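Below, chain A is the first sequence line, B the second, and so on; all start at residue 1. Please read all numbers here as calculations on a predicted model, not as lab measurements.
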Amino acid sequence: MTNTFGKGHHLHLIDGSAFIFRAYHALPPLTRKSDGLPIGAVSGFCNMLHRYVEGNTGPDAPTHVAVIFDKGSHTFRNDMYDLYKANRDAMPEDLRPQIPLTRRATEAFNIACKEKEGYEADDIIATLAVQARAAGGRCTIISSDKDLMQLVGDGVEMLDAMKNKRIDRDGVFEKFGVYPERVVDVQALAGDSVDNVPGAPGIGIKTAALLINEFGDLDALLERAAEIKQPKRRQTLIDHADQIRLSRRLVLLDEATPLDFTLEDLEVRTPDPDQLMPFLAEMEFRTLTKRIADQLKVEMPEINDTPANAPAAPEIADVPFDKAGYSQVDSAEALQGWIDQIYERGYVAVDTETTGLNEMTAELVGISLCVEPGTACYIPLIHKAAGSDDLFGSDDLAEGQMPLETALEMLKPVLEDESILKIGQNMKYDAKVFAQVGITVAPIDDTMLMSYAMHGGLHGHGMDALSERYLGHTPLPIKPLLGSGKSAITFDKVPLSEAVPYAAEDADVTLRLWQQFKPALHRAQVTKVYETLERPMVAVLADMERAGIKVDRDTLSRMSNAFSQKMAALEDEVYTLVGRKFNVGSPKQLGEILFDEMGLQGGKKGKTGAYATGADVLEDLATEHELPRRILDWRQLSKLKSTYTDALQDHINPDTGRVHTSYSIAGASTGRLASTDPNLQNIPIRSEEGRRIREAFVAEEGKTLVALDYSQIELRILAHIADIPALKTAFDDGQDIHAMTASEMFDVPLDEMTPEIRRQAKAINFGVIYGISGFGLARNLRIPRSEAQGFIDRYFERFPGIRAYMDDTKAFAKEHGYVETLFGRRIHTPNIGAKGPQAGFAARAAINAPIQGTAADVIRRAMIRMPAAIAELPAKMLLQVHDELLFEVDQGAQDALIEAARSVMESAADPVVHLDVKLTVDAGQGPNWAVAH
DNA sequence: GACATCACG
DNA sequence: GACGTACGTGATGTCC
């Protein structure tokens with residue numbers, strides 16, 4: 001029988017989540033030998049538990065112990081403040097399936113394992129610690145989390161297990177400058193960027209402690225804030241009193257969490273070999289199993305991690321590609337066999353076949369699965385029987401297919417199962433296809449994105465290229481199956497005898513790439529980049545693309561007609577000026593007319609022997625003759641009509657009435673997204689005529705478009721990376737950065753600044769980002785090269801950090817073959833050591849990449865956090881344009897959306913990177929994009 | 001399919 | 001001392 005917990009008893013409370021994360025990050029991504037299941041965190045966790053149990057001897061040993069876990073992501077703190085922990089990076093997806101295993105591990109060690117839905121582990125810990133103290137016993141909290149320090153004192157201590165350091169009241173004072181009972185007051189003022197507790201802006205722990213010690217406690221401080229001597233500090237506290245009180249409620253732990261167990265239930269129990277040994281053997285931890293078996297003096301259990309027991313782990317190179325291993329699934333029984341295999345392994349490579357490349361209109365035709373190299377299947381679902389598509393033929397389905405609904409019903413639980421990792425190549429495509437049939441695929445891994453994280457800048461990341469490069473195998477091409485041109489067919493018309501080997505092979509290739517990339521990711525030190533910047537984008541972008549944006553066909557159509565008329569008029573004028581008709585859209589014909597027939601000067605032929613007739617050339621010629629200006633006007637209209645008013649109409653989805661772009665995550669080498677089909681990242685804005693096209697991008701009835709864009713993000717990042725104090729100060733003071741540069745460069749006081757001088761300085765600022773050269777600047781500003789070089793020299797003189805950054809970056813690229821963003825994204829620069837003009841290109845690209853890439857990383861982080869931050873609002877994120885996010889929101893909720901989204905965007909770098917320069921976000925709203933931007 | 005041109009950040 | 005150059009994208013039309 002157990003005694004009532006009380007004097008003489010000693011309770012240990014282990015912060016389980018802290019153990020897990022420490023284990024996960026301390027170890028390389030180990031996988032279970034028999035089947036590749038990610039198991040690194042479980043391994044580390046077990047070792048830590050074991051070490052903990054071993055260390056519990058002597059008079060100070062605990063009499064009671066429990067490991068406490070978090071449960072659920074939504075807690076009562078989110079109800080108080082929806083941005084609480086909103087800037088947390090999502091849990092790595094290879095960690096998620098390991099969480100339940102750490103619970104099992106705890107139980108296997110015969111240690112109590114507690115959690116409660118809607119509460120953080122910290123609250124349970126607080127409740128138990130207070131109970132133990134009230135009962136007259138002692139309590140040690142095994143954690144280094146500063147949020148728990150408020151509990152210390154009167155029998156409660158903390159123990160940092162890694163440093164083996166005990167923290168008592170004096171230890172807390174050392175950390176916070178106050179004793180435990182005032183810790184929440186200090187935290188409320190200082191805030192916490194990790195948990196996104198706002199606090200008071202500009203006040204850190206030191207200042208907070210100073211204030212609390214002076215006034216006694218937080219309530220007294222807020223009440224008597226007017227007495228604070230420093231004016232700025234005084235105003236901050238007065239302005240943010242509510243926010244500070246909210247922060248205190250967020251950091252204050254709930255010491256009365258309702259629990260369905262008592263302290264007595266936590267009494268220390270000795271390990272039970274019959275529970276522990278089978279678990280360790282199942283995890284295939286050889287060393288640990290042996291050690292514990294010896295200590296418990298029991299027999300070492302057999303561990304079956306050999307290929308005989310483990311069909312999934314043969315060496316990749318050993319298994320040849322052979323279609324004999326590819327089967328067609330034609331029945332529920334056969335599919336169930338595959339599903340059983342998937343559950344045994346915990347992962348599966350998936351690929352979908354559809355009727356087209358556009359996920360919004362394409363129909364699901366079949367699904368392929370692979371759980372082991374060389375063994376894959378294809379589940380055809382709606383392939384048509386041969387000849388069924390004849391003009392008067394039937395629409396019969398081919399033989400040997402199971403019903404679509406049955407297959408989806410069976411696969412849905414697998415594809416949505418938290419503990420089953422779904423592996424794909426370009427998973428955004430497959431995720432969208434599955435979303436169309438009501439299946440939310442998660443968790444996922446994506447071989448295309450793994451390659452992008454490791455090999456960005458080196459080569460493309462399409463499956464065929466990856467397979468050839470990393471598997472030495474050329475996958476079956478799709479062309480012979482579908483044909484080309486007018487006679488091309490869709491995949492549902494492909495005979496099953498050809499479809500099965502093609503589709504199954506794709507899943508096979510994907511799985512093999514994954515087995516190779518998964519450990520390689522860690523070796524290349526880009527696991528973090530992949531986990532935090534690549535993989536989470538898949539779901540975010542899939543949702544945005546599926547949402548689409550409403551485009552008003554009538555507006556476009558009317559504009560198109562107007563453009564046509566203007567173009568026709570311009571054409572007549574052009575023909576009169578030239579004296580005959582010709583194709584105005586042909587640069588070749590135009591060049592010959594301008595320079596050969598009319599004899600205008602300045603004609604330059606490019607490498608193909610044709611005259612250049614670009615806008616810059618025509619702009620120069622416009623002073624000599626009327627024709628170039630007409631051509632320029634015509635070209636502008638032609639561009640707007642063909643690319644925008646006409647093409648955009650063809651992209652309006654008939655079902656949704658909206659335009660759905662597709663973003664490539666792995667397209668641009670710097671980390672930027674690219675938008676295609678249609679490209680919605682280059683909708684006109686710079687010219688007044690073009691800008692009107694944005695009027696056709698409208699909000700749905702009763703809604704409003706909201707646009708938020710980062711102000712000068714690349715220059716701010718440059719100021720941080722190159723460490724330019726003058727730029728930093730200017731940004732922090734909200735100055736006009738180009739005017740400030742001009743003033744500094746040309747010794748003109750700000751109040752005497754002219755637009756012309758400012759324009760030149762602006763060009764220089766941008767030039768710096770692009771890897772400035774005298775030639776390039778001269779051409780851009782249309783000034784002599786020597787003058788441009790003079791500007792650059794002066795710029796370097798005024799901001800010496802810039803030149804150092806450029807030189808350092810080039811040297812780094814030469815030495816390593818890549819450059820890095822602040823978040824660790826690597827952009828390879830294979831041409832950096834080349835001879836000739838190539839080297840110049842590569843050097844400028846290397847200088848630009850960390851700046852452009854860091855900005856891209858920042859907005860990616862904002863986008864990844866955005867869904868959670870706006871979950872409670874009637875709003876959707878629709879588009880990203882490099883430094884801008886566009887939302888659609890119910891009328892009335894605009895201001896709430898702007899507040900939430902701006903907060904996410906402005907703090908997107910936190911807590912991984914602390915920028916010396918603050919990021920600011922401008923917001924606009926309106927019925928259409930022209931107004932909102 | 002290459003090239004020139006031009007739309008965006 | 002000469003070389004040729006601003007960074008990153010995608011779509012369209014011409015021409016071969």
Next on the checklist: Quick check for you: to the nearest 0.5 Å, what is the distance between A/Leu594 atom CG and A/Glu624 atom CD?
Outcome noted: 11.5 Å
Checklist outcome for this item: OG of A/Ser451 to CG of A/Leu449, rounded to nearest 0.5 Å, is 9.0 Å
Checklist entry - Between the side chains of A/Gln681 and A/Gln880, is a donor N or O closer than 3.5 angstrom to an acceptor N or O? => result yes
Next on the checklist: Can a side-chain donor-acceptor contact be found between A/Asp552 and A/Thr555 if the only test is distance below 3.5 angstrom?
Outcome noted: yes
Rounded off to whole Å, could you give me the [atom1]-to-[atom2] distance for the [X] and [N] pair?
{"X": "A/Tyr770", "N": "C/dG4", "atom1": "OH", "atom2": "P", "answer": "24 Å"}
{"X": "A/Leu680", "N": "C/dA11", "atom1": "CG", "atom2": "C1'", "answer": "12 Å"}
{"X": "A/Lys588", "N": "C/dT14", "atom1": "NZ", "atom2": "C1'", "answer": "10 Å"}

Determine the interatomic distance between [atom1] on [N] and the same-named atom on [M]; round to the nearest Å.
{"N": "B/dC3", "M": "C/dT5", "atom1": "P", "answer": "15 Å"}
{"N": "B/dT5", "M": "C/dA6", "atom1": "P", "answer": "13 Å"}
{"N": "B/dA4", "M": "C/dG4", "atom1": "P", "answer": "16 Å"}

Checklist entry - With under 30° as parallel and over 60° as perpendicular, where do the rings of A/Phe766 and A/His738 fit, or are they tilted in between? => result tilted
Checklist outcome for this item: In numerical order, the residues of residues 784-812 of chain A whose heavy atoms come under 4.0 Å of DNA chain B are none
Item to check | Any residue of residues 833-852 of chain A with a heavy atom less than 4.0 Å from an atom of DNA chain B | outcome: A/Gln852
Next on the checklist: Within the 4.5 Å heavy-atom criterion, are A/Val584 and A/Tyr575 side-chain neighbours or not?
Outcome noted: yes
Item to check | A/Arg825 side chain near A/Arg860 side chain, heavy-atom distance below 4.5 Å | outcome: yes
Checklist entry - Should A/Ser669 be listed as having a side-chain N or O under 4.0 Å from OP1 or OP2 of C/dT9? => result yes
Next on the checklist: Please determine whether a side-chain nitrogen or oxygen atom of A/Ser586 lies at a distance below 4.0 Å from atom OP1 or OP2 of C/dC15.
Outcome noted: yes
Next on the checklist: In this structure, is the centre-to-centre distance between the rings of A/Phe791 and A/Phe746 below 6.0 Å?
Outcome noted: yes
When all nucleic acid strands are considered with a 4.0 Å heavy-atom cut-off, which category describes [X]: base, sugar-phosphate, or nothing?
{"X": "A/Leu777", "answer": "base"}
{"X": "A/Gly585", "answer": "sugar-phosphate"}
{"X": "A/Arg779", "answer": "sugar-phosphate"}
{"X": "A/Ala610", "answer": "nothing"}
{"X": "A/Asn780", "answer": "base"}
{"X": "A/Ala856", "answer": "nothing"}
{"X": "A/Asn682", "answer": "base"}
{"X": "A/Glu884", "answer": "nothing"}
{"X": "A/Ser638", "answer": "nothing"}

Checklist entry - From the 5' end of DNA chain B to its 3' end, which nucleotides mark the outer limits of contact with chain A, defined by a 4.0 Å heavy-atom distance cut-off (strictly under)? => result B/dC3 to B/dG9
Could you tell me whether [X] and [Y] have a side-chain N and a carboxylate O separated by less than 4.0 Å?
{"X": "A/Arg546", "Y": "A/Glu359", "result": "no"}
{"X": "A/Glu756", "Y": "A/Arg759", "result": "yes"}
{"X": "A/Glu689", "Y": "A/Lys566", "result": "yes"}
{"X": "A/Glu906", "Y": "A/Lys918", "result": "no"}

Checklist entry - Which pairs with one or both residues in residues 815-824 of chain A pass salt bridge (Lys or Arg N to Asp or Glu O under 4.0 Å), sequence neighbours excluded? => result A/Glu820-A/Arg826
Next on the checklist: Tell me whether the NZ or CZ atom of A/Arg844 lies within the 45° cone about the ring axis of A/Phe841 and under 6.0 Å from its centre.
Outcome noted: yes
Item to check | Face-on cation placement of A/Lys605 at A/Tyr611 ring, 6.0 Å and 45° thresholds | outcome: yes
Checklist entry - Using a 3.5 Å cut-off on both pairing distances, which stems of three or more Watson-Crick or G-U pairs include DNA chain C? => result B:1-9 with C:7-15
Checklist entry - For A/Thr613, which of A/Gln589, A/Lys588, A/Arg635 qualifies under side-chain hydrogen bond (donor to acceptor under 3.5 Å, both in side chains)? => result A/Arg635
Next on the checklist: Let's test your reading of the model: under 3.5 Å, does the base of C/dT12 pair with the side chain of A/Ser642 as donor and acceptor?
Outcome noted: no
Item to check | Within residues 616-623 of chain A: residues closer than 4.0 Å to DNA chain C (heavy atoms) | outcome: none
Checklist entry - Can you check whether A/Ile685's main-chain N or O pairs, donor with acceptor, with A/Arg692's side chain at less than 3.5 Å? => result no
